[in-house]
Amino acid sequence: MVKEMVRVRFAPSPTGHLHVGGARTALFNYLYAQHAAGKFILRIEDTDMERSTKESEEKLIESLLWMGISWDEGPDIGGPYGPYRQSERKFTYRQMAEQLLEEGKAYEVFAYPEEIKKLHDALMAMGKAPHYTEEMFKEFDTPERRRAFKEKGLTPAVFFKMPRKEYAFIDLVKGEVVFKEGSLGDFAIMRSNGLPIYNFAVVIDDISMEITHVIRGDDHLSNTLKQLALYEAFGIVPPKFAHVSMILGPDGKKLSKRHGATSVEEFRDKGFLPEAFINYLVLLGWSHPEGKEIMSIDEMIREFSIERLHSSPAVFDVTKARWMNGVYIRQVNLERVTELAIPYIVEKGYMTEEQAKANIKWLRKAVDSVRKSVETIEEIPEKLEVYFKGPEIIELPVKTEEEKQVVLVLKKIREHLEELDVWDHKAVVDIVKNAVKEIKPDRKLFYQTFRKVLTGMDEGPELVEILFLLGKNKVTDRIDRAVGNLC
RNA sequence: GCCCCCAUCGUCUAGCGGUCUAGGACACUGGCCUUUCAAGCCGGCGGCAGGGGUUCAAAUCCCCUUGGGGGCGCCA
């Protein structure tokens, strides 16, 4: 028997930025498809006309692409199972709803949304489960109401007759899930404006796109009951489900804006590298069989399996995400890090883009000298400050013998530097070393003072790096500023 | 109110009945390296939510309690 081709999908609604939770779901789907040599489909769930926007869809695609995720079929590239936007599939939904209507598995409702809402709230207020029955809607079906619907161009809403029985399925990550009889009442599948309700549209789409595995967030677990009943009504074997647990904020609540950055865009803008971002993300709810943590997307694909998906929720730990980004910044090639840092440097006003381009070799060395002290690209400019901003005027202490010696060394270095024709790394270092050897100051005191003289700070890149990258003029100038009018 | 899910160091996790005095990573912390900070290297702290079973044997299986999360919409 030929094993059927794996077809998975990521089906976001274009109502905002791509959230890290969605990003992780997309990643898992992508990895699974790649691993199984199957197809990964992007489908836009835009049946909520009021909240869906084209811009959101574009941003969604942009974020996905940034993460290194691409799809085999989708609204932008098409495919054999299109269209891939729910708003473009209206006809199919209508048709399928008709079928259920004809078979007596669904019924029409002539109530207005507000009336149903009222019904819902009343049930809740009475402490009852908000379960609808066909009975409840009978009173709305009057000749007047039918006429009103016609005049307003409305079609009756369609409600599905939820069978009152127990449903069970095997979830690939949770195991067997059983929904007791009566956990749900009848539910809407078509709105009076003619558009389908989410739970109905997903089922129709998953059927017609021949989706084999549904990997999605835990928050959809309860929805599975409705979907199972729908599959049953159509007489179709449902796909396999895998419900991945939620991503939580540090307070244990579902991750949201108040926890800080939650969209992929924000992480990109803060200077996260996509490979670091997805690497951190993949570890939230999944683990490498050998416990490896730092891994490329190729390795994720190679090792990914649904069996290794974890069933409990995960707290998003920004500290660890940042640490991991730092690992990548140190490890990735210098040209790229520099390139990524330029916009931030320009923004800080240290260089124009033209200057950066003209001095790219120098810039790379400068970036290289600070990259191990940052965790995001965004932090690079502030570390580069030593090269762009001179120190404030500082007064060197010359009270003790040691302090006087330090000044002597500084002066000596300045003299020799002045005579230097070629600003060569080794030559500069030699001058410093020889001066130290000759005058023999307190080494620690000397180097610390020298650093202070050059940068005005107590910490930063290696001194020889600073010297070389600063260049002759800046070095002599800064020494002059500190030592010029001293003994 | 009803339904579903989850429960190993502060956090992410390994563990799928004996190899666990529970392993790794981040964070924290001590040391080394070093002219500084960082990076790096070595070490330390720290956990099976509680209670019942099942079993010769339980972090691992079952039940209850507690705690957390999600859902019950003409939202997705």
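Chain identifiers are assigned alphabetically (A, B, ...) following the order of the sequence lines, protein sequences preceding nucleic acid strands; residue numbering begins at 1 within each chain. These values consider heavy atoms only, across backbone and side chains, with no hydrogens, waters or symmetry-generated copies.
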- Item | For atom CE of A/Met324 and atom P of B/A25, their distance in whole Å | 12 Å

- Whole-angstrom distance between B/U35 and B/G30, as gauged at atom C1': 23 Å

- Message: Taking only the P atom of each, what is the distance from B/G24 to B/G73 in whole angstrom?
- Response: 48 Å

N/O contacts under 3.5 Å, protein versus nucleotides 64-67 of chain B?
none

- Enumerate the residue pairs fulfilling side chain to side chain donor-acceptor pair (under 3.5 Å) with a member in residues 121-140 of chain A, sequence neighbours excluded, ordered by first and then second residue. A/Lys117-A/Asp121

- Item | Residues A/Lys174, A/Asp218: salt bridge by 4.0 Å N-O rule | yes

- Message: On RNA chain B, does the nearest nucleotide to A/Val315 precede the nearest nucleotide to A/Glu176 from the 5' side, or the other way round? Give the residue.
- Response: A/Glu176

Summary of salt bridge (Lys or Arg N to Asp or Glu O under 4.0 Å) pairs that have at least one residue in [range], sequence neighbours excluded:
range	value
residues 307-324 of chain A	A/Glu293-A/Lys320, A/Arg322-A/Glu375, A/Arg322-A/Glu379
residues 457-470 of chain A	A/Lys452-A/Asp458
residues 146-159 of chain A	A/Asp141-A/Arg146

- Where the side chain of A/Phe179 is concerned, which of B/C26, B/C3, B/U13 is the nearest nucleotide? B/C3

Identify each atom pair where a protein N or O and an N or O of nucleotides 58-61 of chain B are less than 3.5 Å apart, giving names and distance.
none

- Task: Report yes if at least one side-chain N or O of A/Thr47 is closer than 4.0 Å to OP1 or OP2 of B/A76; otherwise report no.
- Result: yes

- Which is true for A/Gly182 with a 4.0 Å heavy-atom rule: it touches a base, it touches only sugar-phosphate, or it touches nothing? nothing

- Message: Let's see if you get this right: which residues in residues 11-28 of chain A place a heavy atom under 4.0 Å from RNA chain B?
- Response: A/Ser13

Give me, pair by pair, the N or O atoms of the protein and of nucleotides 29-36 of chain B that are less than 3.5 Å apart, along with how far apart they are.
| residue | atom | partner | partner atom | Å |
| --- | --- | --- | --- | --- |
| B/U35 | O4 | A/Leu463 | N | 3.4 |
| B/U36 | O2' | A/Asp458 | O | 3.0 |
| B/U36 | O2 | A/Asp458 | O | 3.4 |
| B/U36 | O2 | A/Gly460 | N | 3.0 |
| B/U36 | N3 | A/Arg451 | NH2 | 2.8 |
| B/U36 | N3 | A/Gly460 | O | 3.0 |
| B/U36 | O4 | A/Arg451 | NH2 | 3.3 |

- Note on the structure: salt bridge (Lys or Arg N to Asp or Glu O under 4.0 Å) filter on A/Lys54, not counting sequence neighbours, yields A/Glu57

- Query: Among all residues two or more places apart in sequence or in another chain, which pass the ring-ring contact (aromatic ring centres under 6.0 Å, His included) test with A/Trp286?
  - Reply: A/Phe304

- Message: Run the side chain to side chain contact (heavy atoms under 4.5 Å, CB included) test against A/Val315 and tell me which residues pass, sequence neighbours left out.
- Response: A/Leu248

- Under 4.0 Å protein heavy-atom contact, by nucleotide of nucleotides 68-74 of chain B - B base, S sugar-phosphate only: -SBSBSB

